[in-house]
Amino acid sequence: MNKQTQQLLGLIRRSQFPKKQLVVVFLISIIETATALAVPLLTMNLINDFSTTGFQWNTILIVAIVLILQAILGGLTYYLMRKLGERVVANLRTELWQHVLHLKVPYFDANESGTTMSRITQDTGVVKELVTEQLVSFVAGIFSIIGAVIVLLWIDWKMTLLMLLAVPITILATIPLAQKMNKIAKANQDELASFSGHLGRVLTNIRLVKTSQTEHDELENGKTRIQHLYGFGLKEAKVLAFLSPIMTLLMMVVLIIIFGYGGAQVASGNISSGELVAIMIYLVQIIVPFTQMATFFTALQKALGATERITAVLEEPTENEV
């Protein structure tokens, strides 16, 4: 475990988040994942029954109940995680604000007020996003992938092996671009914090700016910083212009191969049409968590950078310290 990860865990502990609530959220999320894994099997039985005995209303009712239960659990999980994330960020901001108010004057001489404001607002928001949006989905995604693979091995192990080869290759092909995107996003975040600090300094001393008639100089300085942000935005756009089409292309190739193989298996009688539909649904339940994991690691890198900046402020000596 590196220093940044230790700082992030330490920061979350300092936020005094409710641990019992986190455990409850994880349990609900696991139950939601289990219901999601049951849906393709129920759908498979529904389709197979339809081809032989027609509609089975009991099976349709069970599928409807499971889908409604999954939706309720998903909504409950989202709300509880948002509540947990808001508590984390509120506690962090309170501690930061209290600490900043007691910092020594030389700190404020060396750091622009806008930069400090960015630590309290933007950087804590980045940590909240990791806790709120990514953490539970990452853990639930692992359970979803494991469960889907186990069921798929039971349905058709050959097609499962085909997917297990295709999906990681697709993800690995996009990792270099994702890493480049992460570096650009971090640099953009630093530049945005610097720009916020510049704006705060100028607006705080606007009377002095007007008295000294340095509006033109501040305008040119601001334009330069805005162009830097514009440049980072273009770099992000260029990476996404490659990343999105490549991801779409690779996924389409995977789907065509698996659909083709699955269709041949159905035609030869090795699997039923219901099993093919179940396999396709499980494929989605594998691909989506893989995509979420890539998002999680990007958010984690951003949160580690934000944590480093927050920790630097918290480590500054206060007036009460000797």
Side-chain angles (χ1 to χ4, degrees), residues 4 7-8 11 85-86 89 92-93 96-97 99-101 103 105-134 174 176-247 294-314 316:
Q4 285 184 321
Q7 287 179 338
L8 176 60
L11 202 64
E86 294 297 340
V89 75
L92 282 179
R93 285 172 177 167
L96 262 175
W97 180 233
H99 187 80
V100 167
L101 287 175
L103 288 176
V105 174
Y107 169 84
F108 298 99
D109 294 334
N111 297 273
E112 294 179 332
S113 59
T115 303
T116 305
M117 290 165 55
S118 178
R119 302 292 171 262
I120 299 174
T121 56
Q122 294 182 11
D123 287 334
T124 53
V126 172
V127 176
K128 182 191 79 169
E129 181 184 353
L130 176 69
V131 175
T132 304
E133 305 291 341
Q134 306 298 334
T174 60
L177 288 174
Q179 290 176 337
K180 187 174 182 62
M181 184 70 179
N182 177 44
K183 292 180 181 178
I184 295 172
K186 186 177 180 181
N188 187 34
Q189 194 176 12
D190 291 336
E191 183 65 25
L192 183 60
S194 177
F195 182 52
S196 299
H198 172 72
L199 291 179
R201 178 179 58 80
V202 173
L203 294 176
T204 301
N205 299 284
I206 191 65
R207 289 183 175 83
L208 178 61
V209 171
K210 290 184 175 296
T211 302
S212 58
Q213 296 182 342
T214 57
E215 293 97 327
H216 178 74
D217 294 336
E218 296 297 346
L219 175 61
E220 293 303 317
N221 194 356
K223 283 183 178 181
T224 301
R225 292 174 180 268
I226 290 171
Q227 286 302 311
H228 287 163
L229 291 172
Y230 173 70
F232 284 122
L234 286 184
K235 289 180 180 179
E236 288 185 359
K238 289 177 182 177
V239 174
L240 289 174
F242 281 100
L243 185 60
S244 297
I246 289 175
M247 179 67 81
T295 306
F296 169 80
F297 286 115
T298 300
L300 176 61
Q301 292 301 318
K302 290 182 179 179
L304 290 175
T307 298
E308 191 174 0
R309 292 187 288 269
I310 293 172
T311 304
V313 175
L314 290 173
E316 287 287 335

Engineer: NZ/K210 to CG/L208 distance, rounded to the nearest 0.5 angstrom?
Structural biologist: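 That separation rounds to 12.0 Å.
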Engineer: Taking all atoms of both residues into account, what is the closest heavy-atom pair of Y107 and T116, and its distance?
Structural biologist: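 Taking every non-hydrogen atom into account, OH-OG1, 3.2 Å.
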Engineer: Taking side-chain hydrogen bond (donor to acceptor under 3.5 Å, both in side chains) as the test, write out the residues that go with E86, two or more places apart.
Structural biologist: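 Listed in chain order: R82, K128.
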Engineer: Tell me, do L219 and E215 make a side-chain contact under 4.5 Å, heavy atoms counted?
Structural biologist: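 Sidechains of E215 and L219: no contact.
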Engineer: Could you report the tightest heavy-atom contact between L103 and F108, atom names first, then the distance?
Structural biologist: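 Scanning both residues, the minimum pair turns out to be O-CE1, 3.7 Å.
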Engineer: Nearest 0.5 angstrom please: H216 NE2 to E218 CD, how far?
Structural biologist: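 Going from the NE2 atom of H216 to the CD atom of E218 covers 11.0 Å.
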Engineer: Please find the pair of heavy atoms, one from A303 and one from L130, that lie closest to each other, and give the distance.
Structural biologist: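 So the two residues come closest at CB-CD2, 3.7 Å.
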Engineer: I need the single residue from T307, V89, L304 that forms a side-chain contact (heavy atoms from CB on, under 4.5 Å) with V127. Which is it?
Structural biologist: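 Checked T307, V89, L304 against V127; only one passes side-chain contact (heavy atoms from CB on, under 4.5 Å): T307.
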Engineer: Count the heavy atoms of every other residue, nucleotide or ligand shown that sit under 6.0 Å from CD of Q213, and state whether that count exceeds 12.
Structural biologist: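 Open.
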Engineer: Which heavy atom of T121 sits nearest to which heavy atom of T124, and what is that distance?
Structural biologist: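 Heavy atoms only, the tightest pair is O-OG1, 3.1 Å.
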Engineer: So, using side-chain contact (heavy atoms from CB on, under 4.5 Å) as the criterion, who are the partners of Y230 when residues are at least two apart?
Structural biologist: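 Testing Y230 for side-chain contact (heavy atoms from CB on, under 4.5 Å), a comparison that skips the adjacent residues, returns Q227, L234.
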Engineer: Compare every heavy atom of R119 with every heavy atom of I310, then report the nearest pair and how far apart it is.
Structural biologist: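 Answer, listing the atom of I310 first, then R119: CG1-O, 4.1 Å.
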Engineer: With S212, which residues qualify under side-chain hydrogen bond (donor to acceptor under 3.5 Å, both in side chains), at least two apart?
Structural biologist: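 Counting only residues at least two positions away or on another chain, S212 forms a side-chain hydrogen bond (donor to acceptor under 3.5 Å, both in side chains) with T214.
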